[in-house]
There are 2 protein chains.
Amino acid sequence: MGIAERKEREKEQRRQAIIDAAEKVFFTKGYDSSTMDDIAEAAELSKGTLYLYFQSKDELHFEIMDRGNEILMGFMEKAIDPEKSGRENLRFLGEAFVEFSNRYPEYFQAMMFFQSRDVVQQKLNEQKLKKFIEGRSSISLLNAMVTKGIADGSVRNDLPVSHLTTLLWSQMMGILVMYSTKKPAFEYQQISRDQLVSIHLDLVRDGLKPRHTEDSGHE
Amino acid sequence: MGIAERKEREKEQRRQAIIDAAEKVFFTKGYDSSTMDDIAEAAELSKGTLYLYFQSKDELHFEIMDRGNEILMGFMEKAIDPEKSGRENLRFLGEAFVEFSNRYPEYFQAMMFFQSRDVVQQKLNEQKLKKFIEGRSSISLLNAMVTKGIADGSVRNDLPVSHLTTLLWSQMMGILVMYSTKKPAFEYQQISRDQLVSIHLDLVRDGLKPRHTEDSGHE
DNA sequence: CAATAAAATGACCGACAGTCATTTTTTATA
DNA sequence: TATAAAAAATGACTGTCGGTCATTTTATTG
C-alpha cells in the first residue's frame with residue numbers, strides 16, 4: 001500500500017514548504033520582526049499547523065541555518081583542489097567562505113547571528129554539538145585540509161590540528177561578523193571586506209608555513 | 001541655590017541605581033528572560049519610572065555594555081608598557097582582553113552578544129558609530145599600538161594601520177565568541193581557551209614582524 | 001456510506017514591553 | 001505655614017506575539 005509512502009512524502013513536502021515560507025519572511029523582515037502568523041500566511045496555512053511540523057520559531061531558524069550550512073559545504077567542497085597542497089587549499093576554503101557570504105548574504109546572516117539568544121545556547125549542547133564537531137560540517141573540511149597540509153609538509157607541524165582548525169574558523173568568522181555588524185564604520189574608514197580578508201589570508205598563509213628555524217618561544 | 005544641582009545629582013544616582021538593578025537581573029537571568037518588572041522590582045521602583053530614565057530595555061543593555069567597555073579600557077591601559085615596542089604591547093593588549101573576559105565574564109558576555117537583535121543593528125549607525133571609531137574605545141588603543149609599532153619598526157609597515165587594527169580586533173573577538181558559544185565542543189576536543197589564545201597571539205606576533213628583515217632589536 | 005483516523009484550524013491564553021492618566025512628593029510663592 | 005505649581009513616580013491598561021488545544025474539516029477504511 002503506497003498511501004503511507006505518499007503521506008510521508010507529502011508531509012516532507014509540506015515541511016519544506018513551511019521552511020520556504022519562513023525563509024522568505026525572515027529574509028524580508030528579519031527574524032525578530034517576523035511573526036508566526038506572518039509565516040503561516042506566507043505558507044497559506046494556519047499558525048496551529050506550523051506547530052504540527054515544528055516545535056518553535058527557533059526551530060525554523062535552525063532549519064534555515066542547516067540549509068545555509070549545506071550550501072556553504074557545497075562551496076567549500078567545490079573549492080578544494082586535491083592536486084594542490086593543504087596550505088593552498090586552506091586559502092581556497094577561506095575564499096569559498098567569503099564567496100558564500102557574498103552570494104547568499106541572507107543565509108550567511110542567519111548562520112552568524114543565531115547565537116546570542118540565551119535559549120539557543122542550551123539547545124546546542126545536545127545533538128547539534130556532535131554534528132558541529134564530527135558531522136558533515138564546514139569545520140570538518142577545514143580540519144581535513146589542515147591535516148593534509150601537515151602530511152604534505154605545507155603546514156607547520158608543531159601545532160595541534162584541532163587548535164589550528166578552530167583558530168582558522170574562529171578568526172574568519174570574527175572578521176566576517178565584525179564586518180557585517182560594523183559595516184558603516186568600516187566603510188567610513190574605507191576598509192573593504194575583500195581587502196581585509198585578503199590580508200588576513202596572506203597573514204595566515206605565512207603563519208602556517210613550516211618553521212625552518214627551531215626557535216619561536218611558545219610552549 | 002543648589003537645588004538644581006542636587007536634583008541633577010540625584011537623578012544621575014537613580015539612573016545608576018537602575019543600571020545596577022538591570023545588571024543584577026540580566027547577569028542572573030539572562031537578557032531575554034529578564035523582564036522590565038524584574039528590573040523595576042530589583043530597583044524598588046515601578047516599571048513606569050524606568051521609562052522616565054531609559055527609553056527601552058535595549059537601552060539598558062547598552063548602558064551595561066558601556067560599563068563593560070570602560071572596564072576593558074582600564075585593563076588595556078594598565079597593560080600597556082610604554083617602554084616596550086608596539087608589537088609587544090599588542091600582545092599585552094590581547095592578554096588584557098582575555099584577562100578581562102575571565103575577570104568579568106558577565107560584562108564580556110553582554111558585550112559579545114548584543115549584536116544579532118535586528119533592531120540593534122540600526123541604532124549603531126548614529127552616535128555609537130563615531131564612538132566606536134574615534135571615541136574612548138578599546139579599538140583606538142589597539143590602533144595606537146599598531147601605529148607605535150610601525151613607528152618603532154617592530155611592526156611591518158606594508159599594511160595599512162586601519163586594516164591591521166580591525167583585523168586584530170576581529171580575530172580576537174571571533175576566537176573568544178566562538179569559544180563562549182561552543183564551549184562544550186572545545187572542551188570535548190580538549191582545547192583550552194588560554195592555549196588557543198596563546199597560539200593565536202604567537203602567530204600574530206610572527207605575522208606582524210617586518211618583512212625582509214629579521215628585526216627583533218626592540219625586544 | 002458510515003465510522004474512524006489524520007490533518008488543519010483559529011479562538012484563546014499568558015507573558016511582556018511599553019504608555020499614560022492619575023497620584024504622590026517636592027519646590028516655589030505669599 | 002498654607003497653598004499653588006512643578007516634578008517625579010505609579011500601576012492599571014494596551015497591543016503584540018509565541019504557543020496551545022478543543023473543534024472542525026478532510027482523507028482513509030471497511
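Since we're looking at a predicted model, the values are computed, not measured.
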Colleague: Starting at CE of Met36(B) and ending at C1' of dT19(C), how long is that distance when rounded to a whole Å?
Modeller: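 Nearest whole value for this atom pair: 12 Å.
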
Colleague: If you only use heavy atoms from C-beta on, which nucleotide in dT28(D), dA9(D), dG18(C) is closest to the side chain of Thr49(B)?
Modeller: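 Output: dA9(D).
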
Colleague: Taking only distance into account, with no hydrogens and no angle test, what donor-acceptor pairs under 3.5 Å do side-chain atoms of residues 91-104 of chain B form with protein atoms, sequence neighbours excluded?
Modeller:
unit_1, atom_1, unit_2, atom_2, d
Arg91(B), NE, Glu95(B), OE2, 3.1
Arg91(B), NH1, Asp202(B), OD1, 2.9
Arg91(B), NH2, Asp202(B), OD1, 3.1
Glu99(B), OE2, Arg103(B), NH2, 2.8
Ser101(B), OG, Val98(B), O, 2.8
Ser101(B), OG, Arg193(B), NH1, 3.0
Ser101(B), OG, Arg193(B), NH2, 3.3
Asn102(B), OD1, Arg193(B), NH2, 2.4

Colleague: Quick one: list whatever passes ring pair (Phe, Tyr, Trp, His ring centres under 6.0 Å) with Phe54(B), sequence neighbours left out.
Modeller: none

Colleague: What pairs with Glu10(A) under salt bridge (Lys or Arg N to Asp or Glu O under 4.0 Å), at least two apart in sequence or on another chain?
Modeller: Arg6(A)

Colleague: Out of Arg9(B), Arg14(B), Gln16(B), which one pairs with Glu12(B) under the side-chain hydrogen bond (donor to acceptor under 3.5 Å, both in side chains) rule?
Modeller: Gln16(B)

Colleague: Roughly how many Å is it from CG in Asp38(A) to C1' in dC17(D), rounded to a whole number?
Modeller: 10 Å

Colleague: Suppose we screen for salt bridge (Lys or Arg N to Asp or Glu O under 4.0 Å). Which residues come up paired with Arg67(A), at least two apart in sequence or across chains?
Modeller: Asp20(A), Glu23(A)

Colleague: Take the protein atom CD of Glu59(A) and the nucleotide atom P of dG18(D), then report the distance between them rounded to whole Å.
Modeller: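 The answer, rounded to whole Å, is 15 Å.
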
Colleague: When you check the gap from the basic side-chain N to the acidic O, do Glu63(B) and Arg15(B) get nearer than 4.0 Å?
Modeller: yes

Colleague: Tell me: CG of Asp37(B) to C1' of dG11(D), nearest whole Å?
Modeller: 10 Å

Colleague: What's the CG-C1' distance between Leu52(B) and dA9(D), to the nearest Å?
Modeller: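 One finds 7 Å between C1' of dA9(D) and CG of Leu52(B), rounded.
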
Colleague: Output the rounded distance in Å from CG (Asp32(B)) to P (dG18(D)).
Modeller: 13 Å

Colleague: Starting at the 5' end of DNA chain C and moving along, which residue's nearest nucleotide shows up first, Lys7(B) or Gln55(B)?
Modeller: Gln55(B)

Colleague: Expressed as a whole number of angstroms, how long is the span from Tyr31(A):OH to dG18(D):C1'?
Modeller: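 Going from Tyr31(A) (OH) to dG18(D) (C1'), I get 10 Å.
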
Colleague: So, OP1 or OP2 of dG19(D): does either fall under 4.0 Å of a side-chain N or O from Tyr51(A)?
Modeller: yes

Colleague: With Glu77(A), which residues qualify under salt bridge (Lys or Arg N to Asp or Glu O under 4.0 Å), at least two apart?
Modeller: Arg136(A)

Colleague: Going by the rule side-chain contact (heavy atoms from CB on, under 4.5 Å), which residues pair with Gln55(A) if we only count those two or more places apart in sequence or in a different chain?
Modeller: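 Here the qualifying residues are Glu59(A).
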
Colleague: Can you find a side chain N or O atom of Tyr53(B) that sits less than 4.0 Å from OP1 or OP2 on dA9(D)?
Modeller: yes

Colleague: For Phe26(B), what residues pass the ring pair (Phe, Tyr, Trp, His ring centres under 6.0 Å) criterion, not counting sequence neighbours?
Modeller: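 So Phe26(B) forms a ring pair (Phe, Tyr, Trp, His ring centres under 6.0 Å) with Tyr31(B).
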
Colleague: Glu8(A): which residues meet the salt bridge (Lys or Arg N to Asp or Glu O under 4.0 Å) condition with it, sequence neighbours left out?
Modeller: none

Colleague: List in numerical order all residues of residues 39-48 of chain B for which some heavy atom is under 4.0 Å away from an atom belonging to DNA chain D.
Modeller: Leu45(B), Ser46(B), Gly48(B)

Colleague: Ignoring backbone atoms, test whether Thr35(B) places a side-chain nitrogen or oxygen under 4.0 Å from the OP1 or OP2 oxygen of dC16(C).
Modeller: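 For dC16(C), OP1/OP2 do not have a side-chain N/O of Thr35(B) under 4.0 Å.
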
Colleague: Describe, as an angle rounded to 10 degrees, how the axis at the first end of the helix from dC1(C)-dG30(D) to dA30(C)-dT1(D) is tilted relative to the axis at the last end, five pairs per end.
Modeller: 10°

Colleague: Residues two or more places apart in sequence or in another chain: which of them pass ring pair (Phe, Tyr, Trp, His ring centres under 6.0 Å) with Phe108(A)?
Modeller: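 So Phe108(A) forms no ring pair (Phe, Tyr, Trp, His ring centres under 6.0 Å) with any residue.
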
Colleague: Verify the distance criterion only: is there a donor paired with an acceptor across the side chains of Asn143(A) and Ser140(A) at less than 3.5 Å?
Modeller: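 No, no side-chain donor-acceptor contact under 3.5 Å.
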
Colleague: Separation of Leu50(A) atom CG from dG19(D) atom C1', in whole Å?
Modeller: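 Result: 11 Å.
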
Colleague: Mind listing the residues from residues 8-27 of chain B sitting with a heavy atom below 4.0 Å of DNA chain D? Number order is fine.
Modeller: Arg14(B)

